[in-house]
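Structure first, then comments.
Chain A is the first sequence line, chain B the second, and so forth, proteins listed ahead of strands; every chain is numbered from 1.
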Number of protein chains: 4
Amino acid sequence: MGRKQVPSLVKDEKLIQKRREEMVKAAVILFKDKGFHRTTTREIAKAAGFSIGTLYEYIRTKEDVLYLVCDSIYDEVRSRLQSEIVMDQPGINRLKEAIAAYFKVMDEMQDEVLVMYQEAKSLSDEALPYVLRKEIEMTSMFEKLIQRSVDAGNLNLTEKEVNLLAHNIMLQGQMWTFRRWILQKEHTLESYTQFQIQILLNGIAYDQPTNQV
Amino acid sequence: MGRKQVPSLVKDEKLIQKRREEMVKAAVILFKDKGFHRTTTREIAKAAGFSIGTLYEYIRTKEDVLYLVCDSIYDEVRSRLQSEIVMDQPGINRLKEAIAAYFKVMDEMQDEVLVMYQEAKSLSDEALPYVLRKEIEMTSMFEKLIQRSVDAGNLNLTEKEVNLLAHNIMLQGQMWTFRRWILQKEHTLESYTQFQIQILLNGIAYDQPTNQV
Amino acid sequence: MGRKQVPSLVKDEKLIQKRREEMVKAAVILFKDKGFHRTTTREIAKAAGFSIGTLYEYIRTKEDVLYLVCDSIYDEVRSRLQSEIVMDQPGINRLKEAIAAYFKVMDEMQDEVLVMYQEAKSLSDEALPYVLRKEIEMTSMFEKLIQRSVDAGNLNLTEKEVNLLAHNIMLQGQMWTFRRWILQKEHTLESYTQFQIQILLNGIAYDQPTNQV
Amino acid sequence: MGRKQVPSLVKDEKLIQKRREEMVKAAVILFKDKGFHRTTTREIAKAAGFSIGTLYEYIRTKEDVLYLVCDSIYDEVRSRLQSEIVMDQPGINRLKEAIAAYFKVMDEMQDEVLVMYQEAKSLSDEALPYVLRKEIEMTSMFEKLIQRSVDAGNLNLTEKEVNLLAHNIMLQGQMWTFRRWILQKEHTLESYTQFQIQILLNGIAYDQPTNQV
DNA sequence: AATGAATGAGAATTCATTCAT
DNA sequence: CATGAATGAATTCTCATTCAT
């Protein structure tokens, strides 16, 4: 639901999925290395293991590859996240765990995350909204988690503050990859996670006086 | 100090500076609109008001333009910041004022900031370090401010935490432009600033119980 | 007699004929719309109702389709013409009737005629003579009709003049389709036919003074 | 007046004209030989004596070349015609001379005429009207000549007949090139001209009884 | 210093044809 | 016989860069 249709000349749906996976996998590596614009369609085809003609049996334009890449990365992030997060129980600790899980996924998928956020801007006006929607969906996942703690009386936040907090979480996860060149020199994922959670939550939680997480 | 030399065929330094300013001004607008790769050197020259031949009298490659753009934006950010921040006196309030001033500058220079962070990755391995260094310098400006509060006993943070906090500040400023499509729909710069400062500081300041900024 | 052999991988002659008819029918529509070069073999196959693989079971190259199209149109023109023309009796009126019948067929088969004369030039040096021969055959049909009137003493023309007159008739029929964009705005088929016959014949017939047809 | 603007990146109008002439000259030869679609832009550039890059400094698309070719041929035809036709005096003989002059120009410019009428259909919907208008203009030149003889009482024709007669003349001129493969085997330009004029006029002129021209 | 015409390597995309299933 | 996925040569067009004037 809500996914942009990328037309293919090939009919076999299974095959389409398989080939596109190969294509996306190859493209991520290339995009990470050289960026979307400096990567040629021929390189993508070659790296994916098929001919340029075959590539174009599964997409319409080079930009389609970028869209598929972004789409696929979001799906992967979400799927990994869902397997790590238990959303059944409320509470600050659930939220903390979710944040940590999210940071972990960002850490594991650094290359993909980097590619997605660096190159998404090259999507056409038509494709971009689909990708932005996914970002909003992920953000609202955190909003819901935070809201639960608010509802449970563990946090005292207005709606706008909940929203902003969710954005902060999202961006701090991305920051770990964007600023890897400096952050990952000086911090481990664990220390980074610990401190960010502390900053995010301790200022706003009721049970403050003690500074521990 | 630490600026990459961009060679020019023209001798007159005054003229070089003038032409490059025109060129950068034109390029920022174009890059914001179409991105670095989709902007042609012809377009830059035309928008800057001179011929393609003249453009190449003042740069060596298209990438030089990007470097000059990034360089110039950093200088502008810093210069605006410095005129707003009083660094002579320590204290949490000074820090808060600095953060607010930084957010304000980011807000005023949204287009430029967007261009710089979106396109800097297209810089060559040779030019990139010069730009990253500027980012580090700006970050350490905040580090110093924070450190003063630590030294003055207003904050209790390890060196790594100071570093991370500075990064958080930097990124939150950028986030205001990156996520403008969603943030600026729901928040004003003032409310955004207020809340981010609250999150950043209240969790770590000694004088917590009261939730004011 | 005198038809170019287009090889097929399929043995069943009935089937070959059936498939080729489907293919030609589809191709005429496409060629009329987009021209031979802008029409793809895939489109032809699809419009004909079978797969690209099947198309190539019945032809060797795309040009074969064009040849089959031209060939088929000529056959259709001739067949329609023969059912309308009575060649048994001589006389000027027979000739006039034949011309009118020919113009009528051209009018009915406008699309096909247009395609044939516009695209025949794309035939290879090998195939072209077969098509030209058909044109010559049709021309000489008119030559024979005219010659009969000459032999019967109704017209006074040299052999070369008979030939040229036949060409004029042929071209005036085609002109009705070629220049449809202007002619068919200002004339009906009937008025066009009337006047052309008048021009063609009254100048050369013995019984001139009266200007009637 | 009424000419489609073909944009060029080059500013020097003189140069544009010169290069386009070279380009058209080269293209006519190639188009005659292989047709528009089978001729590549690289071939055109090479034959014109400049690089592919330079070619595209003077046109926007390949189709522009075709338009320039058609446009230039029409201009050439008209200019040659005007230098041969005296339009000051009326009379049947003036008309006959004009027809002969037109046939002569068609004969001299066979290659160009062939190219124009075979390939004009490949023009876009946007460019085609400009070319058709030229055809109409030429046709109405003959209309005017015929009308004069009508006005002078030498011919007795309705307006529609005048129009159709003009079309006949136009097409007979073109026919000399279209059907060159057969006509020019059996006729000289002179005999062709003589006979066509006789057919066209003798049937409609008042002074008929004697069949000579 | 300024200009802008010339260059050609390079990039995306198409499409006739083949061939394994 | 029928299918349609695979192929890659070929084509149009772009654009950073140069250099003669």
Side-chain angles (χ1 to χ4, degrees), chain A residues 8-12 15-16 19 37-46 49-65, chain B residues 8-12 15-16 19 37-46 49-65, chain C residues 8-12 15-16 19 37-46 49-65, chain D residues 8-12 15-16 19 37-46 49-65:
Chain A
S8 165
L9 292 176
V10 173
K11 296 175 177 178
D12 185 337
L15 196 53
I16 292 178
R19 291 274 183 263
H37 281 105
R38 288 200 224 274
T39 302
T40 70
T41 51
R42 294 192 116 84
E43 285 170 326
I44 297 169
K46 193 173 179 188
F50 32 76
S51 72
I52 182 66
T54 299
L55 181 76
Y56 276 91
E57 294 274 304
Y58 294 92
I59 52 157
R60 273 246 246 269
T61 67
K62 187 185 174 188
E63 203 215 286
D64 280 347
V65 179
Chain B
S8 165
L9 294 175
V10 176
K11 306 287 166 188
D12 185 339
L15 196 51
I16 293 180
R19 290 274 185 259
H37 281 104
R38 289 199 225 274
T39 302
T40 68
T41 51
R42 270 169 140 122
E43 286 170 323
I44 297 169
K46 191 174 178 191
F50 34 77
S51 72
I52 182 65
T54 301
L55 183 76
Y56 275 88
E57 296 277 311
Y58 296 92
I59 53 158
R60 276 248 242 266
T61 69
K62 186 185 173 189
E63 204 214 284
D64 281 348
V65 179
Chain C
S8 164
L9 293 175
V10 175
K11 305 289 167 188
D12 185 339
L15 196 51
I16 293 179
R19 291 273 186 260
H37 281 103
R38 289 200 226 274
T39 302
T40 69
T41 51
R42 269 168 139 121
E43 285 170 323
I44 297 169
K46 192 175 178 190
F50 35 76
S51 72
I52 182 67
T54 301
L55 183 76
Y56 274 87
E57 296 278 311
Y58 295 93
I59 52 158
R60 276 247 242 267
T61 69
K62 186 186 173 188
E63 203 216 285
D64 281 348
V65 179
Chain D
S8 166
L9 293 175
V10 173
K11 297 176 176 175
D12 185 337
L15 196 52
I16 292 178
R19 290 276 182 260
H37 281 105
R38 290 201 224 275
T39 302
T40 70
T41 50
R42 292 192 119 84
E43 285 171 325
I44 297 170
K46 193 174 178 189
F50 33 75
S51 72
I52 181 67
T54 299
L55 181 75
Y56 276 92
E57 294 274 303
Y58 294 91
I59 52 159
R60 272 247 246 268
T61 67
K62 187 186 174 189
E63 203 216 285
D64 280 348
V65 180

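The side chain of D/Y58 approaches E/dA6 more closely than any other nucleotide in the set E/dA6, E/dT3, F/dA5. Taking the side chain of B/K11 as heavy atoms from C-beta on, and the options E/dT3, F/dT7, E/dA1, the nearest nucleotide is E/dA1.
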> What string of B, S and - do you get for nucleotides 14-21 of chain E, 5' to 3', if B is base contact, S is sugar-phosphate-only contact and - is no contact with any protein heavy atom under 4.0 Å?
Replying inline: BSBBB---
>> Walk me through whether B/L15 and B/Y58 qualify under side chain to side chain contact (heavy atoms under 4.5 Å, CB included).
In response: CA-CA 9 Å; B/L15 196 51; B/Y58 296 92; 3.5 Å; yes
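The two atoms that bring B/Y56 and B/T61 nearest to each other are CE2-CA, 4.4 Å, heavy atoms only. The two residues B/I16 and B/K11 come nearest to each other via the heavy atoms CD1-O, 4.2 Å. Closest heavy-atom contact between A/K62 and A/H37: NZ-O, 3.7 Å.
Considering CG of C/L55 and CZ of C/R19, their distance stands at 11.0 Å, rounded to 0.5 Å.
Nearer the 5' end of DNA chain E, as judged by each residue's closest nucleotide, is the contact made by B/R19, out of D/D12 and B/R19. Closest-nucleotide positions on DNA chain F for A/V10 and C/V10 were compared, and the one nearer the 5' end corresponds to C/V10.
For D/T40, the side chain to side chain contact (heavy atoms under 4.5 Å, CB included) partners at least two apart in sequence or on another chain are D/R42, D/E43. Residues that satisfy the salt bridge (charged side-chain N to carboxylate O under 4.0 Å, His left out) test with A/E63, not counting sequence neighbours, are absent from this structure. For A/R38, there are no salt bridge (charged side-chain N to carboxylate O under 4.0 Å, His left out) partners, not counting sequence neighbours. Qualifying salt bridge (charged side-chain N to carboxylate O under 4.0 Å, His left out) partners for C/E57, counting only residues two or more places apart in sequence or in other chains: none.
A/L15 places its CG atom 10 Å from the C1' atom of F/dG4, with the value rounded to the nearest Å. F/dA16 atom P lies 15 Å from atom NZ of B/K46, rounded to whole Å. Taking atom CG on A/L55 and atom P on F/dG8, their separation rounds to 14 Å, with Å as the unit.
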>> Show me the dot-bracket string of DNA chain E, counting Watson-Crick or G-U pairs under 3.5 Å, with | for pairs to another strand and [ ] for crossing ones.
In response: .||||||||||||||||||||
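Among the protein residues, A/L9 comes within range of the sugar-phosphate backbone only, with heavy atoms under 4.0 Å from sugar or phosphate atoms but none that close to a base.
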